[in-house]
2 protein chains.
Amino acid sequence: MMDAIFKALADPTRRALLDRLLERQGQTLTELVDGLGMRRQSVAKHLAVLEGAGLVSCRWQGREKLHYLNPLPIAEISRRWLDRYSGERAAAILNLRDALQENDNE
Amino acid sequence: MMDAIFKALADPTRRALLDRLLERQGQTLTELVDGLGMRRQSVAKHLAVLEGAGLVSCRWQGREKLHYLNPLPIAEISRRWLDRYSGERAAAILNLRDALQENDNE
DNA sequence: TTGACATGCAGCTAATTGGCTGCATAATAA
DNA sequence: TTATTATGCAGCCAATTAGCTGCATGTCAA
């Protein structure tokens, strides 16, 4: 599950899609295609990956599929994984700096 | 640059390597190979990716290459990108909930 | 000096990925 | 009803990736 999220975030087009949805929720596929320089079907695949990772939720309205950003998984990742690297173990940064400066300054 | 970091984090083996280094800095390649069920050369490639993304820094000590986690890029990512999804736009979560509950409860 | 050890480098292969085209289906508009 | 529009689905292809093997290089210990 965490793996799906990281893999989904690994593609710049998919991050751009999340940014677009952050600006305005509920956009359709054809709206989201605009400006990406890519065919509709390719964008649809990217959106499917985002949906599979739980980052985007959808709602059908007639023949249009509205896309909504779901920020909760990203908040989870940030809290449960990334924070370990900046939070309680911040001392590691100092250890690193010390270790690197120890004896080679080339 | 941000792209390199996201791509580096997309692989579970690489995230495991970061976790290992978070537990103990300065491990050698052969130490890190242990427990991954993978050849040394493969692990070396993963470490090269992490180093290329700035997530790992290295120091040579004789014939051994010591690996150190660099938490700064992850903190950058968390601050400059991920926080937008939980912070100022937290209202979007409510908008999403409202939109999804609007008219379909199947 | 010689043998063992730590690593690097080049190249192979199978699987995955990210784009594409073509066609099908469902909903709206005329 | 018929044409248009929004989307889905299947399949193709080139590029990337993640593992591997084999060999070369440099360092340490006996």
Side-chain angles (χ1 to χ4, degrees), chain A residues 1-21 24-53 55-68 99 102-104 106, chain B residues 1-21 24-53 55-68 99 102-104 106:
Chain A
M1 165 258 178
M2 200 173 71
D3 192 57
I5 298 177
F6 276 114
K7 282 197 165 61
L9 294 179
D11 186 275
T13 300
R14 288 194 286 267
R15 292 196 302 275
L17 284 168
L18 293 181
D19 286 340
R20 298 272 293 273
L21 289 177
R24 184 163 64 86
Q25 297 265 41
Q27 297 187 64
T28 72
L29 170 58
T30 37
E31 280 177 311
L32 290 167
V33 165
D34 208 54
L36 287 183
M38 185 180 305
R39 295 290 170 195
R40 172 184 57 83
Q41 291 89 334
S42 307
V43 178
K45 272 194 187 176
H46 283 301
L47 286 169
V49 172
L50 291 171
E51 197 177 351
L55 293 167
V56 163
S57 305
C58 300
R59 179 167 69 89
W60 280 94
Q61 189 171 53
R63 62 179 168 182
E64 294 182 334
K65 189 180 190 182
L66 308 183
H67 297 78
Y68 296 84
E102 196 168 300
N103 52 11
D104 49 358
E106 79 259 14
Chain B
M1 164 258 177
M2 200 172 72
D3 192 57
I5 298 177
F6 275 113
K7 283 197 164 60
L9 293 179
D11 186 276
T13 301
R14 289 195 285 269
R15 291 195 303 276
L17 284 169
L18 293 181
D19 285 340
R20 298 272 294 273
L21 289 178
R24 184 163 63 85
Q25 297 265 42
Q27 297 187 63
T28 73
L29 171 58
T30 35
E31 280 177 311
L32 290 167
V33 165
D34 208 54
L36 288 182
M38 184 180 306
R39 295 287 171 198
R40 171 183 59 82
Q41 290 90 332
S42 306
V43 178
K45 273 195 187 177
H46 283 301
L47 287 169
V49 172
L50 291 171
E51 198 176 351
L55 293 167
V56 163
S57 306
C58 300
R59 179 168 67 91
W60 280 95
Q61 189 171 53
R63 62 181 167 181
E64 294 182 334
K65 189 180 191 182
L66 308 183
H67 296 79
Y68 296 84
E102 196 167 299
N103 52 11
D104 48 359
E106 78 261 13

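Heavy atoms only: backbone and side chains are in, while hydrogens, waters and symmetry mates are out. First the proteins, then the strands, lettered A, B, ... as listed; each starts at 1.
Across the protein-nucleic acid pair, L47(A) atom CG and dG18(C) atom P stand 13 Å apart, rounded to whole Å. As rounded to whole Å, 17 Å separates atom C1' of dT7(C) from atom CG of D34(B). With rounding to whole Å, Q61(B) atom CD is found 9 Å from dC28(D) atom P. Atom C1' of nucleotide dT16(C) and atom NZ of K7(B) are separated by 14 Å, given to the nearest angstrom. Between the P atom of dT17(C) and the CG atom of L9(A) lies a distance of 15 Å, rounded to the nearest Å. Between the P atom of dA27(C) and the CD atom of E64(A) lies a distance of 13 Å, rounded to the nearest Å. Spacing between atom NE2 of H46(B) and atom P of dT16(D) amounts to 18 Å, rounded to whole angstrom units. What separates CD of E51(B) from P of dC9(C) is a distance of 11 Å, to the nearest Å.
Nearest-nucleotide assignment on DNA chain C puts the 5′-proximal partner with G37(A), out of G37(A) and G62(A).
The side chain of S42(B) contributes an N or O atom lying less than 4.0 Å from OP1 or OP2 of dC20(D). The shortest distance between the side-chain N/O atoms of R40(A) and the OP1/OP2 oxygens of dC20(C) is not below 4.0 Å. Contact annotation: R39(B) side-chain N/O to dT21(D) OP1/OP2 distance is under 4.0 Å. K45(A) has no side-chain polar atom (N or O) that falls below the 4.0 Å cut-off from OP1 or OP2 of dC9(D). Note on K65(A): a side-chain N or O is less than 4.0 Å away from OP1 or OP2 of dG8(D).
Distances from the side chain of Q41(A) to the nucleotides dG26(D), dG8(D), dT17(D) place dG8(D) closest. Among the nucleotides dT7(C), dA18(D), dG19(C), the one closest to any side-chain atom of R14(B) is dA18(D). Distances were taken from every side-chain heavy atom of R63(B) (C-beta onward) to each of dT27(D), dG19(D), dA27(C); the shortest belongs to dT27(D).
L9(A) places a side-chain heavy atom less than 4.5 Å from the side chain of I5(A). Side-chain contact check for V56(B) versus L18(B): some heavy-atom pair is nearer than 4.5 Å. A heavy-atom distance below 4.5 Å is not found between the side chains of L29(B) and K65(B).
R40(A) CZ to L47(A) CG: the interatomic distance, rounded to the nearest 0.5 Å, is 11.5 Å.
Counting any heavy atom pair closer than 4.0 Å across all strands shown, T30(B) reaches sugar-phosphate atoms only and no base atom.
Evaluated for a side chain to side chain contact (heavy atoms under 4.5 Å, CB included) with R20(B), the options H67(B), Q27(B), R15(B), Q25(B) yield exactly one hit, Q27(B).
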